[in-house]
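Per chain, numbering begins at 1; letters A, B, ... match sequence-line order. As the structure is a prediction and not an experimental result, all values here were calculated from the model.
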Amino acid sequence: MIAETVLVNGFEPSRFVASLNVGLVSRGISGVLREGKIWSVVEVLRSVEKLGISALGLFDGSAIKMLAKECRRIVDCGEVEEAVELMEILAGFRFSIKKLVEPHDVIKICIEKCNPEMAVRYACILPHAQILFCTIIHEFGKKGDLRSALTAFETSKHKLSGPNMYAYRMMIDVCGLCGDSVKSRYIYEELLSQKVTPNIYVFNSLMNVNAHDLSYTLRAYKHMQNLGVIADMASFNILLKACCLAGRVDLAQDIYREVQHLESTGILKLDVFTYSTIIKVFADAKLWQMALKIKEDMLSAGVTPNTVTWSSLISACANTGLVEQAIQLFEEMLLAGCEPNSQCCNILLHACVEAFQYDRAFRLFQCWKGSGFQGTFGKVDNGSTDNILHAENTYENCSTTMPNCRTDSHYSSYAKKFSFTPTTTTYNIMMKACGTDYYRAKALMDEMKTVGLSPNHISWSILMDICGGSGNAEGAIQILKTMNMAGIKADVVAYTTAIKVCVESKNLKLAFSLFSEMKTHQIQPNLVTYNTLLRARTRYGSLHEVQQCLAIYQDMRKAGYVHIQ
DNA sequence: TTAGGGTTAG
């Protein structure tokens, strides 16, 4: 028991070596570990290594288990610096770190504790450190912590011999994720200043993150061509996205023709992203027929539309107010065996709401939820008989649960079930479908909570609008306060809605007070806010009100807006 | 490793 005594009561290398017996020492180490004295063990290991004895050789199976348990305990305590330091030392003793603790757990804790330096230091003792650097940068980005992501990026650069394209690309993506596209440009320029030619992934990420700025994206694309980096399908798809965001149908068409040409020469193969994006270009421009033409193009090219493609096609019709066509496309999607998701269902529901077909929206919603709906079809608000999805094309989930929903055996093979999970957006759309029925909208908001969803600032704005629209201005203002109390910060739309309600109820005093309140909360009014306030100017009675109106005009011009009415 | 679809105010 000499080793145990040595380890517990103090350490003298000469006595230790003289009595060295691996079995005994291992038991001794276990004993010390049991007491949680891991740093004493480290001290012993350092000393024996100095004597030319392998530290690893002193551990038997049970001692290793003890060591792993103690490491785990330190990691669980969240003491990242201690954990990383210990792992570095143990790795130096050639212990398999991966077997002691799950590497991702340590990195996870470093990320939770916002310690990018420690995360990178830890990654360095593991194999595939470069891939882990990217994971660390990405994880910080997902948290919206751009600062830590950048620190991890900078720290990782020192550990690498040359610029790593994976890390650069990831850092650019994270800038986009955190809403700082300008920063992504600096990252890219840093590569250029090192006379490094970025690869296609770096260029694609840069263009994607800056897609909202068409001229920048096009400049990046030109530069990429000048450097001889060959554009791939993703590059073109991103260019199409940039055109879509800028509303540049003409340019998008040029690109579409160009890629079609490249496809005919066998250089590229247009994919489902290409077709879906160009469909969205036309959908946004209300060119639904052009969108449908693209569907034909893709089918003849042998590319199968997916949920996103169908969604874009449906919104092409929805944006033009063509509810019937939208529903027909939805039906066609089901026929093609493509299962709609919540987003796709929301587009259709929204199409109904935009066309004031509230009843139809509710019928679809109830049917998809699979609760007590008496049929998918029936009369819409205007009183005419209307097939939502023609009676024989009904879904099985409706027909099986609802006796009045007829199923035609001819169609039952394709009318398969699809699961429908309403989201907050779904409920928001349905709240809009309540028109001016405040209590119905309020009930939907309560239902939202019971199904585990949280109303967002949009839900509250809609509720406020409905309340005001039903003639209850005071109630609407109360909702603005309630949303703040519920922890949802009122944004420019919420305030503008409240101001609108005040203006409509001729309470100009309150409208002006809300306007100054939003400014004290650092919420910048926009053109809609100004116009809403100024819309009331014909009602200004007192000199004070006219003065306030003039002040609003000045304020608006200072903010760079021009009043158009 | 990259790219696409949904909701609020005048």
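- With dA3(B), dT7(B), dA9(B) as the candidates, the nucleotide lying closest to the side chain of Thr497(A) is dA9(B).
- When atom types are taken as modelled, the side chain of Asn210(A) and the backbone of Leu206(A) share a donor-acceptor pair closer than 3.5 angstrom.
- One atom, CE of Met224(A), and another, C1' of dT2(B), lie 11 Å apart when rounded to the nearest Å.
- Nucleotide dG5(B) holds its C1' atom 14 Å from the CG atom of Asn237(A), rounded to whole Å.
- Closest to the side chain of Thr277(A), from the set dT7(B), dG4(B), dT2(B), is dG4(B).
- The nucleotide whose nearest atom lies closest to any side-chain atom of Ala234(A) is, among dT7(B), dT2(B), dG10(B), dT2(B).
- The residues Lys157(A) and Glu190(A) are annotated as salt-bridged, a charged nitrogen and a carboxylate oxygen being separated by less than 4.0 angstrom.
- Atom CG in Leu239(A) sits roughly 14 Å away from atom P in dA3(B) (whole-Å rounding).
- Among the nucleotides dG5(B), dT7(B), dA3(B), the one closest to the side chain of Ile347(A) is dG5(B).
- Applying the 4.0 Å criterion to OP1 and OP2 of dA3(B), one finds that Asn204(A) has every side-chain N and O outside that range.
- Residue Arg169(A) places no side-chain atom within donor-acceptor reach of the base of dT2(B), judged by atom type and a 3.5 Å distance cut-off alone.
- Comparing dT7(B), dG5(B), dA9(B) by their nearest atom to the side chain of Ile429(A) picks out dT7(B).
- Note on Glu296(A) versus Lys293(A): no salt bridge recorded, every NZ/NE/NH1/NH2 to OD/OE distance being 4.0 Å or above.
- The base of dG10(B) does not come close enough to the side chain of Asn526(A) for any donor and acceptor atom to sit less than 3.5 Å apart.
- Between Glu324(A) and Arg360(A) a salt bridge is recorded (basic side-chain N to carboxylate O distance below 4.0 Å).
- Using a 4.0 Å heavy-atom criterion, one finds that Ser315(A) contacts no nucleic acid atom at all.
- Considering only the side chain of Val308(A), dG5(B) comes nearest among dA3(B), dG5(B), dA9(B).
- Between Lys500(A) and dA9(B) there is no side-chain N or O to OP1 or OP2 distance below 4.0 Å.
- Regarding Leu348(A), its CG atom lies at a distance of 13 Å from the C1' atom of dG5(B), rounded to whole Å.
- Straight-line distance from the OH atom of Tyr168(A) to the P atom of dT2(B): 20 Å, rounded to whole Å.
- Distances were taken from every side-chain heavy atom of Tyr166(A) (C-beta onward) to each of dT1(B), dG10(B), dG5(B); the shortest belongs to dT1(B).
- Set against dA3(B), dG5(B), dT7(B), the side chain of Ile458(A) has dT7(B) as its closest nucleotide.
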Could you walk me through whether Leu245(A) and Leu214(A) pass side-chain contact (heavy atoms from CB on, under 4.5 Å), step by step?
CA-CA 8 Å; Leu245(A) 288 167; Leu214(A) 182 62; over 6 Å; no

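- For the OP1/OP2 pair of dT8(B) and a distance below 4.0 Å, the side-chain nitrogens and oxygens of His350(A) include at least one atom meeting the criterion.
- For Arg185(A) and Asp213(A), the salt-bridge test passes: some basic side-chain N is under 4.0 Å from an acidic carboxylate O.
- Closest contact between the side chain of Tyr201(A) and the listed nucleotides dG4(B), dG5(B), dT2(B) involves dT2(B).
- Contact annotation for Thr307(A): base contact, defined as any heavy-atom pair under 4.0 Å involving a base atom.
- With centroids closer than 5.5 Å and planes inclined by less than 30 degrees as the test, Phe273(A) and the base of dG4(B) fail to qualify as a stacked pair.
- Here the P atom of nucleotide dA9(B) and the NZ atom of Lys432(A) are 4 Å apart, to the nearest Å.
- Judged by distance alone, the side chain of Glu263(A) and the main-chain N or O of Leu270(A) form a donor-acceptor pair under 3.5 Å.
- Interface remark: the Ser276(A) side chain does form a donor-acceptor pair with the dG4(B) base, using a distance-only criterion of under 3.5 Å.
- As judged by a 4.0 angstrom heavy-atom cut-off over every strand, Ser311(A) is placed among the base-contacting residues.
- The distance from atom CD1 of Ile314(A) to atom P of dG4(B) is 19 Å, rounded to the nearest whole Å.
- Thr423(A) comes within 4.0 angstrom of a base, heavy atoms only.
- The side chain of Lys280(A) has dG5(B) as its nearest neighbour among dG4(B), dA9(B), dG5(B).
- Counting non-hydrogen atoms under 4.0 angstrom, Val353(A) reaches nothing in the nucleic acid.
- Atom-to-atom, CE of Met298(A) to C1' of dG5(B) comes out at 13 Å; the value is rounded to the nearest Å.
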